[in-house]
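Structure record follows, encoded as structure tokens.
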Protein chains: 2
Amino acid sequence: MGRRKIEMKMVTDRSCRQVTFSKRRTGLFKKANELATLCAVQIAIIVFSPGGKPFSFGNPGVEPVVGRFLNRGDEHHDGQQRPQRLPRDSGGRRRRNQELKLGVSFFPPKYKLFQLG
Amino acid sequence: MGRRKIEMKMVTDRSCRQVTFSKRRTGLFKKANELATLCAVQIAIIVFSPGGKPFSFGNPGVEPVVGRFLNRGDEHHDGQQRPQRLPRDSGGRRRRNQELKLGVSFFPPKYKLFQLG
DNA sequence: TTCGCTATGTATAAGTA
DNA sequence: TTACTTATACATAGCGA
């Protein structure tokens, strides 16, 4: 999406990598904001810069969304459709391939979030 | 980015909204994957569909990134499209570097992840 | 770091199946 | 839900400050 097409490999130059990170992080958060607005959905993004600095975006906030995700087994879906249980058989292979391709997980988490204090 | 420009407000038609969600979620995860690859960074995205179904992307995984984020204490940057400047300047950076080196946090965590099962 | 520029590469709205 | 097409709108690489 620029003057030239770039390879999908790590940008070797530290400075260029940081610039690329900043630009693309901005673009990603903007897209996330659009998705939340257009579709009225909850979303959270957490990303650490090459320097280890944390950035996040959340609608309505990071922690509510993370909490809902991690605890979704116990969740009460008022007025909303419950997430369908995924079939183990048909379509499994294709879903698996899609997971590997996009890094998406359709499987339940193994962790739970607790607030301290 | 299509035949027509669309307004940045909720898509009223349920069916169209779901289609828009699916397309844009795919695009967002692809962008996230590119960011992770190009910049070699950790990233996690959690999003609930209009129907309440959870989708996630994580490099190297959702839980590790979420855990790292939640245990950073007061250094959250929630819900902002643009990163805020860190409250502390060079001294803070030095301390952060020391934190990263030692693998410890000087800030108390607000949440904790517990492994299930 | 961030800002502006702009030629190009990409994502996607609408339509159709 | 997803798949394909195509015209457009948009994101961004590379560069200079």
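Just so you know, these numbers use all the heavy atoms, side chains as well, and skip hydrogens, waters and symmetry mates. Quick note on labels: first sequence line is chain A, next is B, and so on, each numbered from 1.
Under the rule for a salt bridge (charged side-chain N to carboxylate O under 4.0 Å, His left out), the partners of Arg24(B) that lie at least two apart in sequence or sit in another chain are Glu34(A). For Met1(A), the side chain to side chain contact (heavy atoms under 4.5 Å, CB included) partners are Lys31(B), not counting sequence neighbours.
Distance CD (Glu7(B)) to P (dA13(C)): 14 Å, rounded to an integer number of Å. Between the CE atom of Met8(B) and the C1' atom of dA13(C) there is a distance of 14 Å, given to the nearest Å. Atom P of nucleotide dA11(C) and atom CZ of Phe21(B) are separated by 18 Å, given to the nearest angstrom.
Between the side chain of Asn33(B) and the backbone N or O of Phe29(B), no donor-acceptor pair lies under 3.5 Å.
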(message) For nucleotides 7-13 of chain D, give me one character per nucleotide, 5' to 3': B if any protein heavy atom sits under 4.0 Å from the base, S if the only such contacts are to the sugar-phosphate, - if neither.
(response) BBBSBBB
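Here the closest non-hydrogen pair linking Val62(A) and Phe57(A) is CG2-O, 3.6 Å. Contact record, Pro60(B) with Val65(B): CD-CG2, 4.1 Å, taken as the closest heavy-atom pair.
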